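A short write-up of the structure that comes next.
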Amino acid sequence: MQGLIKQIKGREILDSRGNPTIEVDVITIEGVLGRAAVPSGASTGENEALELRDKEPKRYLGKGVTKAIQNAEGEILTQLQGLSVFNQKQIDHSMISLDGTENKSRLGANAMLGVSLACSRAAAATLNIPLYQYLGGIQGSRSLPTPLFNIINGGAHADSGIDIQEFMIVPHGAHSFREAVRFGAEVYYQLKGLLAEKDFVTAVGDEGGFAPRLDTSEEAIQFIIQAIEAAGHRPGIDISIALDPAASEFFDGGYYHFEGKKLQSKEMVEYYKNLASIYPIVSIEDGLDEQDWDGWSLLTQQLGEQLQLVGDDIFVTNSRFLKKGIQEHVANAILIKPNQIGTLTETLDTIQEAQKAGYGIVMSHRSADTEDSFISDLAVATNSGQIKAGSVARSERLSKYNQLIRIEEQLS
Ligand SMILES: C=C(OP(=O)(O)O)C(=O)O
Ligand SMILES: [Mg+2]
């Protein structure tokens with residue numbers, strides 16, 4: 001039998017915030033290597049699988065992942081040694097039962113996901129085929145996703161003081177992925193000029209979008225509209241806007257503390273409704289808090305016909321929460337972050353569940369990411385339709401977009 005797991009090696013590498021994160025090598029008896037690195041969030045959902053970090057911070061770095069590495073190289077290797085990398089389900093389910101906890105807190109979702117993804121890379125390498133082709137099989141790998149470029153950063157991702165975390169542009173009028181990237185870059189550079197003209201700083205936040213000290217989110221949207229026009233594109237026709245308020249971050253004591261006001265769910269819904277009636281907004285992610293299911297129902301009733309409403313913190317890539325959402329008519333799309341759930345098999349199950357229910361899929365990076373571009377291949381393999389991986393000007397973000405440019409070339 002081909003592809004039997006012989007060795008697992010973990011190492012600490014740095015993520016884009018300069019913190020340690022885990023990279024895993026899986027080596028088969030034929031000496032084939034599969035490698036994967038795991039990203040890390042800042043605005044994490046309460047119900048995410050646990051990222052295992054050491055108790056003590058390092059002298060100059062954030063908390064390390066040496067315990068997660070020990071688990072991958074020790075207990076996980078003992079459990080998986082001799083299994084074939086082609087048995088992805090078996091690999092993932094045996095790690096889940098070995099861990100034995102609801103949220104993967106014993107072995108660490110970071111250790112488990114690193115191993116899980118590295119196994120699939122080793123399988124693709126054994127067959128000598130691209131990862132997207134291995135993951136997608138004959139049915140998959142047909143369409144390139146539309147990118148959502150995050151060009152203004154707020155919330156937990158920057159010190160801009162803007163309450164909404166992500167202002168993204170959606171170049172749905174582009175005819176190819178390559179052209180979409182060009183649209184993104186054109187708007188990004190126009191936006192830089194417009195901000196500089198008004199004496200705003202053009203330093204960037206965690207995901208590579210600008211982080212100007214603006215008073216309101218509406219001001220950020222107006223800058224983006226101007227930048228789209230300055231780049232020669234038509235707002236709402238060639239390029240629209242997507243938002244990720246990441247509202248769990250400003251929800252406290254039953255209220256949304258938003259732009260100096262203390263708002264109830266229904267007032268937030270009114271705010272979004274008004275915003276969407278003025279500007280070409282096509283998608284809002286995490287418009288409300290992860291526990292505010294009633295608010296989410298109202299949001300979906302009021303805006304679900306007209307907008308994509310994406311659940312990130314509320315679903316945490318977990319089919320259990322997604323099923324509840326489908327039953328209760330909450331949201332109409334899901335954000336997919338493999339490290340929120342911790343294995344490839346569970347990620348694929350959640351995607352399938354969402355697709356069956358007609359929910360949209362947005363494949364996603366994390367705010368602290370690495371040069372690993374696994375999610376690009378996964379987006380194509382599952383025909384996710386959309387991907388968000390930050391701006392067009394930091395390499396850990398570009399690794400995803402550039403990989404998609406290569407895949408597009410191969411598929412055409
Ligand atoms: C990518 C996101 O941020 P983080 O990785 O900080 O959760 C998000 O909230 O969608
Ligand atoms: Mg989000």
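Every number for a ligand or one of its atoms is a count from 1 in the order of the listing. Note that this is a predicted model, so its numbers are computed, not measured. Residue numbers count from 1 along this sequence.
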ask   = Nearest non-hydrogen atom to atom 2 (C) of ligand 1 belongs to which of Gln340, Glu249, Arg366, Lys337?
value = Lys337
request  = Please report which non-hydrogen protein atom sits nearest to atom 10 (O) of ligand 1, along with the residue it belongs to and the distance in Å to one decimal place.
outcome  = Lys388 NZ, 2.6 Å
query = Would Ala246 count as a contact of ligand 1 if the rule is a heavy atom under 4.0 Å away?
reply = no
key: Atom indices of ligand 1 within 4.0 angstrom of His157 heavy atoms, with elements   = 2 (C), 3 (O), 4 (P), 6 (O)
ask   = Can you give me the OD2-the Mg ion (ligand 2)-OE2 angle for Asp312 and Glu285, to 10°?
value = 100°
ask   = What pairs of residues pass the side-chain hydrogen bond (donor to acceptor under 3.5 Å, both in side chains) test when at least one of them lies in residues 369-378, not counting sequence neighbours?
value = Arg121-Asp372, Asp369-Lys400, Asp377-Gln403
request  = Please identify which atoms of ligand 1 are closer than 4.0 Å to at least one heavy atom of Leu335.
outcome  = 10 (O)
message = Do Glu207 and Asn153 pair up side chain to side chain, a donor and an acceptor below 3.5 Å, judged on atom types alone?
response = no
message = Side chains of Tyr132 and Gln410 only: does a donor on one sit below 3.5 Å from an acceptor on the other?
response = yes
remark   = Of Glu207, Arg17, Gln165, the residue with the heavy atom nearest atom 1 (C) of ligand 1 is Glu207
No-hydrogen, no-angle side-chain donor-acceptor test under 3.5 Å, Gln340 and Asp312 = yes
key: Sub-3.5 Å N/O-N/O distance, Asp244 and ligand 1   = yes
inquiry  = Between Asp92 and Thr345, do the side chains contain a donor N or O and an acceptor N or O under 3.5 Å apart?
reply    = yes
inquiry  = Testing the 3.5 Å rule here: is there a donor-acceptor pair between the side chains of Tyr359 and Glu353?
reply    = no
request  = For ligand 1, note which part of Asp206 has a heavy atom under 4.0 Å away: side chain, backbone, both or neither.
outcome  = neither
request  = Run the numbers for me: atoms of ligand 1, each under 4.0 Å from some heavy atom of Asp312, listed by number.
outcome  = 8 (C), 9 (O), 10 (O)
message = Which residue is it: Leu194, Leu191, Ile221? I am looking for the one with a side chain to side chain contact (heavy atoms under 4.5 Å, CB included) to Gln226.
response = Leu194
ask   = Polar-atom distance check: Ser40 versus ligand 1, any N or O pair below 3.5 Å?
value = no
query = Going by the order shown, which atoms of ligand 1 are within less than 4.0 Å of some heavy atom of Gly41?
reply = 4 (P), 5 (O), 6 (O)
query = What residue among Pro20, Pro39, Ser40 forms side chain to side chain contact (heavy atoms under 4.5 Å, CB included) with Asp15?
reply = Ser40
ask   = Counting from 1, what ligand 1 atoms have a heavy atom of His365 closer than 4.0 Å?
value = 1 (C)
ask   = Relative to the Mg ion (ligand 2), which of the N, O or S atoms in Asp244 is the closest?
value = OD2
key: Donor + acceptor pair across side chains of Ser116, Gln88 (<3.5 Å)   = yes
message = My understanding is that we take every heavy atom of each candidate and find the minimum distance to atom 6 (O) of ligand 1. Doing that for Ser364, Ser367, Ser248, which one comes out nearest?
response = Ser367
task = For the pair Ile241 and Val170, evaluate side chain to side chain contact (heavy atoms under 4.5 Å, CB included) and give the outcome as yes or no after the intermediate values.
result = CA-CA 6 Å; Ile241 292 176; Val170 190; over 6 Å; no
